[in-house]
Amino acid sequence: MKYNAGQCDVAVIGAGHAGIEAGLAAARLGCRTILFTINMDAVGNCPCNPSIGGTAKGHLVREIDALGGEMGRAADAAALQSRMLNLGKGPAVHSLRAQIDRREYSKIMKRTLELQDNLLLKQAEIVSLDREGEDWLLTTRLEAQYRAKTVILATGTFLAGKIYVGDVSYESGPDGLFPAAFLSESLQKLGLSLRRFKTGTPARVLRRSIDFSDLEVQKGDEPPEPFSYDTEPGAVQNRAVCHVSWTNEETKRVILANLDRSPLYGGKIEGVGPRYCPSIEDKIVRFADKERHQLFIEPCGLDTEEMYLQGMSSSLPEDVQVAFYHTIPGLEHVEIMRPAYAIEYDCVDPQQMDATLEFKDLPGLYGAGQFNGSSGYEEAAAQGLIAGINAALRVHGKEPLLLDRASSYIGTLIDDLVTKGVSDPYRMMTSRSEYRLILRQDNADERLTPTGRKIGLISDERWARFTKKEEQKKIERARAEKTVIAPGEEVNAILERCGTAPLKTGAKLAELLRRPELNYEVLAPVDSTRPEFSTAIFENVEIELKYEGYIKRQKADVAEVRRLEERRLPQDADYESIQGLRMEAREKLKKIRPISVGQASRISGVSPADISVLLIWLSQRGKESGGEQ
């Protein structure tokens, strides 16, 4: 018999990376929040790679932190090894990645949730979700019923989860946990359009069964750089190393000989897998001419012998996994502790949501993370933070937070999901942003901390540090523009050694820093007035100087795009009645219901000619109503 278990402002279903950020944000903004998890011991679990960050993903973590989220702080506290990726390329693609202790990360996140005011962490499986008046009713498997003003769905890969290992398949969530077996039916009754996606994970293997003697060692950066602007300098330490190995022709032979036993190629798996993180059997087939594939052997933690084989996810039978792992240098006698598997799960068509991550036809219901068709811990956390913020703002009767593409990678991620939709699990990449030169990870706080402060997630102490840092950047920029470096033997020796022209007359420090060959570090011996600021200050000023022209052009592009973003489209617009719109455009506009002309311009099937028609229609509509739209 169902019983009344209580009520709340915000209910979050799922305590993975999306659910954690959603729950914390809502609670910190003063909402009575309940965060439901199927298993209390799996809060903040990392069922796949034990790492945070990476290319473009590191940008997301910095942005989450700048807005007042938790992922960066927890990753710093649990870090085993920190590396900045893509340093050989331009600053737009520099991305921080940290190997983490997965159990420590989960422990930190669970403790943070337990100590958070306004938040109750509750172990329960939600089996149905129903609408009653303005509220939502959530029923658990134990027949407890909760009433909530808003609900955030952050179910990850648990929703109707199904594991595949060769011929064997069974209902399960990740890591052998129970799946959410009943909620899908309830969501479909509400009118949500669900689809099946798939992801996979490699085996975990026994450290002492690996031969490390001939493997390439991959060390962390010194000094390691933190994700969070709250983390004290020196707090992050490199406490472990990773190793690199490669597959070979024998690996390929074993996999191809057993391809008929793969559920992926046998048609048993219906879900669509991630395009940018394929299984090893998929790599072998898709890249048939490639002689070898790289894999990284990474620790899962300091207090465990489990090692993760990045790049080797598979759904082949366990005996085949043993056979092909044994063909790889260093793994000839490896013992598998947890076999690799593929997992299929239900997720939603994100085009049913608007940019707040609220469902258009279901007020007060939000989606976040893999439930929205994305992949990755960082993408999930970013969506969870925005969903949590907007659910809280809705409860308080305030305007929602909308991040556009020019403000952040988070804005790009959400816009891609709700505007373009997804046909396979979405992964953030730097190439997805047309504004990546101004959306660098080094200036995430400059871009988003004022927003986090305005919302109420940035403390007074954090704000004081931020304003001090911004003032120091201004001081250093002004100093670089006025400081003159005189010609002389020492400075010219430096310039010639760096392959750039020597000085004949004095030059401003800023002029020298604009030269591609030079930086603050090499000019330090002749820069006698350099203040005692943090490395981040000089890094940011140097980038702004070197790329000044490109940045100005990109900011001009942003201004033009935002002109279209400001032209709002009424949500009740009758696109069928607008003369001149093509049939495909009408269908897409009716489905997605864009909030602005800018968003409409990014919908597949809406042409520049259709945008011109919309602009004319808006102008005419504005004149008829006595004002400009």
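Every value quoted in this text rests on a predicted model; they were computed, and no experiment measured them.
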What I want to find out is whether [X] reaches [Y] closely enough, with some N-O distance under 4.0 Å, to be called a salt bridge.
X: D41; Y: R103; answer: no
X: E70; Y: R28; answer: yes
X: R427; Y: E379; answer: no
X: D130; Y: R147; answer: no
X: D319; Y: R261; answer: yes
X: E63; Y: K57; answer: no
X: E225; Y: R62; answer: yes
X: D175; Y: R102; answer: yes
X: R462; Y: D230; answer: yes
X: E134; Y: K149; answer: no
X: D9; Y: R32; answer: no

[Y] versus [X], side-chain donor and acceptor atoms under 3.5 Å:
X: S95; Y: Q441; answer: no
X: T356; Y: N390; answer: no
X: T157; Y: Q370; answer: no
X: D76; Y: S228; answer: no
X: N118; Y: T33; answer: no
X: T419; Y: Q599; answer: yes

Side chains of [X] and [Y]: closer than 4.5 Å at any heavy-atom pair?
X: L448; Y: L403; result: yes
X: L35; Y: L119; result: yes
X: S315; Y: S262; result: yes

Take atom [atom1] of [X] as the centre, draw a 6.0 Å sphere, and report whether it contains more than 12 heavy atoms from other residues, nucleotides or ligands.
X: K107; atom1: NZ; value: no
X: E185; atom1: CD; value: no
X: K122; atom1: NZ; value: no
X: Q7; atom1: CD; value: no

Identified salt bridge (Lys or Arg N to Asp or Glu O under 4.0 Å) partner of E344 from the options R195, K162, K198, R196: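 Option passing the salt bridge (Lys or Arg N to Asp or Glu O under 4.0 Å) with E344: R196.
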Least distance between heavy atoms, C48 atom then Y377 atom: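 Closest approach of C48 to Y377, heavy atoms only: N-OH, 2.9 Å.
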Nearest heavy atoms of L67 and I458, plus distance in Å: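 What the structure gives for the nearest pair is C-CD1, 4.0 Å.
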Full working for side-chain hydrogen bond (donor to acceptor under 3.5 Å, both in side chains) between S408 and R405: CA-CA 6 Å; S408 55; R405 301 180 70 86; over 6 Å; no
Expected output: side-chain R204 to main-chain P202 donor-acceptor under 3.5 Å: yes
Trace of the salt bridge (charged side-chain N to carboxylate O under 4.0 Å, His left out) decision for E358 with R394: CA-CA 10 Å; E358 183 178 25; R394 178 184 176 83; 3.1 Å; yes
Lys/Arg cation over aromatic Y426: R432, 6.0 Å, 45° cone: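 Checked: cation-pi criterion met.
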Aromatic ring pairing F36/Y146, orientation class (parallel under 30°, perpendicular over 60°, tilted between):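 Taking Y146 first and then F36, their aromatic rings stand perpendicular (interplane angle over 60°).
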Pair L316-E281, side-chain contact (heavy atoms from CB on, under 4.5 Å): steps then yes or no: CA-CA 8 Å; L316 285 163; E281 55 264 34; 3.8 Å; yes
Pair F371-Y345, ring pair (Phe, Tyr, Trp, His ring centres under 6.0 Å): steps then yes or no: CA-CA 9 Å; F371 176 74; Y345 56 95; 9.9 Å; no
